[in-house]
Structure formats: structure tokens, C-alpha cells
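Quick caveat: nothing in here was measured; it's all calculated off a predicted structure.
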Number of protein chains: 2
Amino acid sequence: MHSPKRMLFLDLVLSVFRLNGLLIAEGDTMTDQLGLTSARWKVIGVIALSNAGLTVPGIARVLGQSRQAVQRLTDVMMADGLVQYQANPKHKRSVLVILTDAGKDAYHALRDVQDPWALRNTDDIPIEELETALRLVRRLIQKFDK
Amino acid sequence: MHSPKRMLFLDLVLSVFRLNGLLIAEGDTMTDQLGLTSARWKVIGVIALSNAGLTVPGIARVLGQSRQAVQRLTDVMMADGLVQYQANPKHKRSVLVILTDAGKDAYHALRDVQDPWALRNTDDIPIEELETALRLVRRLIQKFDK
DNA sequence: ATGACAATGACAACATACTGGCACAACTAC
DNA sequence: GTAGTTGTGCCAGTATGTTGTCATTGTCAT
């Protein structure tokens, strides 16, 4: 009864909800000087990490989101000049999304803010704790991502 | 350069985003038999843990969300008969939100699904790892919640 | 008491994300 | 090749949550 593991887990779940909201707020604060939002930052980050560009459903799979949500984001980001669409030799209809020069500039400007932020928020946390937490979070992701 | 801590932290941040989405999906799956959603489950849970009921801004503070978001939820939950509003002796305008009998039933039914789910998903995870991860997540929450 | 400040309700606009449905393209198996 | 399955684009509807604004209520220092 009242298994401590069960309580711990539910507590962790609620804390993840809470942390998620706070991280989005942090991301929005970091990006609003750059004309971005945390949602757009995620998309730019995924594209920047790919070499030859990704399709919209491909980005969605990496982020674990619906392709419709990503499509909406890339459409407005194209209107804002951050990304552009490019013919995909592998697929007649599904174009590749690539960063424009403005998109690359935004990504680099963001890194200049994000990297000090990451260091600032981990300076008093032992690396072993970060590793343990990341391992556990990944384990849970695997459990639920089917 | 490329501080391992910095990379670990960014990896953890992205993983928290991912896990958050998966947990919401899990919550929706668990609750849709009960006519609930994960957002309503959060509200019901907070009210159930309070003794005399909470005001809408009070629930919002516990959840770390805007009072407007919670107000919208409680309004539709009242229309669905899960909660009701009660005069607040402490405040003329800000009423208390309390569970109806149907709301309490939903909460108990949810526990019957949620508790086995929590145990099932932690049976192969050492309790020490859960504790370490929870401690770290809470630490980050404190950092960002100001 | 009063005057300044914070909390609340109400309304509006917007951003993010999901699901469903339909048509077409691409792939796989036979 | 053809049939069946999967992937994709597009459109629509809905849920969740944010910010902003304004009037009103509560609180607190003086």
C-alpha cells in the first residue's frame, strides 16, 4: 500500500510537467530578442543538426510531434524568412526544409545565449546527477514511445 | 569548449520536452475511458488533495499555470458536472472550486488506472535512480521558478 | 481612514499542438 | 504489373495554454 516507488514516480511525473512549462518560459525569454519562440527554436535546432535538410514529417518524428504542428511552424517560418523549401530528389511531393542565411544567423545568435544559460544552470550540479537523470528520462521515453 | 556538462544539460532539456509530450499522451489514454483529459486530471488532482477547496488562482499557482487557463478548464468541468463553485468566506468575488460526487468518482476511478500504471512503469527502475532524478528535477524547478 | 499596491474576474487575441478525414505518392509483396 | 499498405500534403476542428487589458475587490502601510 502506498508504495514509495509509486508515489515517487507520480511526483516525478508532476515535476516533469512543471519543469516543462518553466523550460518553455526560459526558452521564450532567451529567444524573444531574436524574433523566435521556443517552438521555432526546436525546429531550427533539428534542421541545423541535419546535413542535407529534412522533410516536415521527418522533423516531426525527431521532435515526437505531429507533422501538422511542424508544417504550421515551417510555413510561418518561411514567411518570416528563416527557412526555405527545396526540391527533394527522394520524394516528388515532400520537399526538404533548409535554413536560410537568416535562419543560420538566428541559430548562431541563439547559441550565444543558450550556451551560457546551460552552463549557468549546471554549475552547482554534479555531472553524475545529470547523467543519472538523463538516463532515467531516456528510459521512460523508450517505455512510452511505441 | 563543448563542455560535457553543457551538452548533457541541453540533452536533458530536450528529453524533458519529449517525455512531457509522451506523458500527456499516456495521461490522455488513461483518462479517456473516464471522460477526462490529462489537463482535467491535473485540476481534479489538485482539488482532491485540498481539504476545503481552492480558488481558481490558487489551483493555477499549484500547477504553475495562468489563472486564465485554469478558469477555462474549471468552467467546462462545471458544465460537465465534475466540479462546482462554492461561496468563499474569505473573499467576496473569488469562489472556491470543489469536486461534485461525480468528480470524486472520476478521481477514484482514475486512481484505479493510474496506480497500476505507475507500478508497471517503475518495476525495473531502482528507487535510488528515481530519487536522484526527482531531486534534480526539483532543483531545476527551483532555479527557474522565480 | 485613506491611498497605493496586489489579487481577481472577465474578455479577447494568439501560439502551440492534437486528431480526423481525404486524396495522392511511394513502397512492398506477390 | 498490381494490390495493399504506408507516407505525405492539405484542410478543418478542437484542446491547452499564454499574454494583454480593464474594472473591481482586498490588503497593507501610513
Side-chain angles (χ1 to χ4, degrees), chain A residues 17-29 31-32 35-44 46 53-80 82 85-97 144-145, chain B residues 17-29 31-32 35-46 53-80 82 85-97 144:
Chain A
F17 286 152
R18 185 89 186 82
L19 180 57
N20 179 75
L22 290 168
L23 285 175
I24 288 174
E26 288 282 311
D28 284 339
T29 302
T31 54
D32 72 350
L36 294 176
T37 61
S38 28
R40 296 180 190 200
W41 158 62
K42 294 183 199 174
V43 171
I44 285 188
V46 171
L54 285 171
T55 65
V56 166
I59 299 169
R61 278 188 291 267
V62 173
L63 291 177
Q65 291 181 345
S66 70
R67 60 198 169 84
Q68 290 89 337
V70 174
Q71 183 75 63
R72 188 191 56 79
L73 280 169
T74 58
D75 283 349
V76 293
M77 287 169 72
M78 184 183 69
D80 290 347
L82 293 169
Y85 295 136
Q86 189 182 58
N88 183 357
K90 302 274 189 61
H91 197 295
K92 192 192 293 184
R93 293 173 72 201
S94 194
V95 296
L96 297 174
V97 186
F144 297 132
D145 189 12
Chain B
F17 286 152
R18 185 90 186 78
L19 180 57
N20 179 76
L22 290 168
L23 285 174
I24 289 174
E26 287 284 311
D28 284 339
T29 302
T31 54
D32 72 349
L36 294 175
T37 61
S38 26
R40 296 180 190 200
W41 159 61
K42 293 184 201 174
V43 171
I44 285 187
V46 172
L54 285 170
T55 65
V56 165
I59 298 169
R61 278 187 290 267
V62 173
L63 291 177
Q65 290 181 346
S66 70
R67 60 200 168 83
Q68 291 90 334
V70 174
Q71 184 74 63
R72 187 189 56 76
L73 278 169
T74 58
D75 283 348
V76 293
M77 286 169 72
M78 185 182 69
D80 290 347
L82 292 169
Y85 295 137
Q86 191 182 59
N88 183 357
K90 302 273 188 59
H91 199 295
K92 191 192 291 184
R93 293 173 73 201
S94 195
V95 296
L96 296 174
V97 186
F144 298 131

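- Summarising the base pairing, dT30(D) is matched to dA1(C) through a Watson-Crick or G-U wobble pair whose two defining distances lie under 3.5 Å.
- Interatomic distance, Leu19(B) CG to Ile24(B) CD1, rounded to the nearest 0.5 Å: 10.0 Å.
- With the nearest nucleotide of DNA chain D identified for both Val95(A) and Arg72(B), Val95(A) has the one nearer the 5' end.
- Rounding to the nearest 0.5 angstrom, the gap separating the CZ atom in Arg72(B) from the CE atom in Met77(B) is 11.0 Å.
- The distance from atom CG of Leu36(B) to atom NZ of Lys42(B), rounded to the nearest 0.5 Å, is 13.5 Å.
- No contact: Ile24(A) has no heavy atom under 4.0 Å from any strand.
- With hydrogens and angles ignored, a donor-acceptor pair under 3.5 angstrom links the side chain of Arg93(B) to the base of dT24(D).
- Across the protein-nucleic acid pair, Asp80(A) atom CG and dA15(C) atom P stand 10 Å apart, rounded to whole Å.
- Under 4.0 angstrom from either OP1 or OP2 of dA17(C) there lies no side-chain N or O belonging to Ser66(A).
- Side-chain atoms of Ser94(B) lie closest to dT8(C) of the nucleotides dT8(C), dT19(D), dG9(D).
- To the nearest angstrom, P of dG20(C) lies 11 Å from CG of Asp32(B).
- In terms of heavy-atom proximity, Pro89(B) sits nearest to Ala87(B) at CD-O, 3.5 Å.
- For the side chain to side chain contact (heavy atoms under 4.5 Å, CB included) with Val46(B), the lone residue among Leu54(B), Val70(B), Val97(B) that qualifies is Leu54(B).
- Of the candidate nucleotides dT16(C), dT8(D), dG9(D), dT8(D) has the atom lying nearest to any side-chain atom of His91(A).
- On a pure distance criterion of 3.5 Å, a polar donor-acceptor pair joins the side chain of Arg67(A) and the base of dG9(D).
- In this structure, CZ of Arg40(B) is placed 7 Å from P of dA15(D), rounded to the nearest angstrom.
- Each of Thr37(A) and Pro57(B) was matched to the nucleotide of DNA chain C holding its nearest heavy atom; the match closer to the 5' end belongs to Pro57(B).
- In this structure, CZ of Arg61(B) is placed 11 Å from C1' of dA6(C), rounded to the nearest angstrom.
- Of the possible polar contacts, one joining the Asp28(B) side chain to the Ser38(B) backbone as a donor-acceptor pair under 3.5 Å is found.
- Rounded to whole Å, atom C1' of dT18(D) lies 9 Å from atom CG of Asp28(A).
- In this structure, Val43(A) reaches neither bases nor backbone, as no heavy-atom distance under 4.0 Å exists between it and the strands shown.
- In this structure, the nucleotide among dT16(C), dG17(D), dC18(C) sitting nearest to the side chain of Ala69(B) is dG17(D).
- With hydrogens and angles ignored, no donor-acceptor pair under 3.5 angstrom links the side chain of Gln68(A) to the base of dG13(D).
- Taking atom CG on Leu96(B) and atom P on dA7(C), their separation rounds to 18 Å, with Å as the unit.
- For Lys92(B), the side-chain atoms get nearest to dT25(D) when compared with the rest of dT25(D), dG17(D), dT16(C).
- Atom-to-atom, CD1 of Ile59(A) to C1' of dT16(C) comes out at 16 Å; the value is rounded to the nearest Å.
- Between the CD atom of Gln65(B) and the C1' atom of dT16(C) there is a distance of 14 Å, rounded to whole Å.
- At the phosphate of dC27(C), neither OP1 nor OP2 sits under 4.0 Å from any side-chain N or O atom of Lys90(A).
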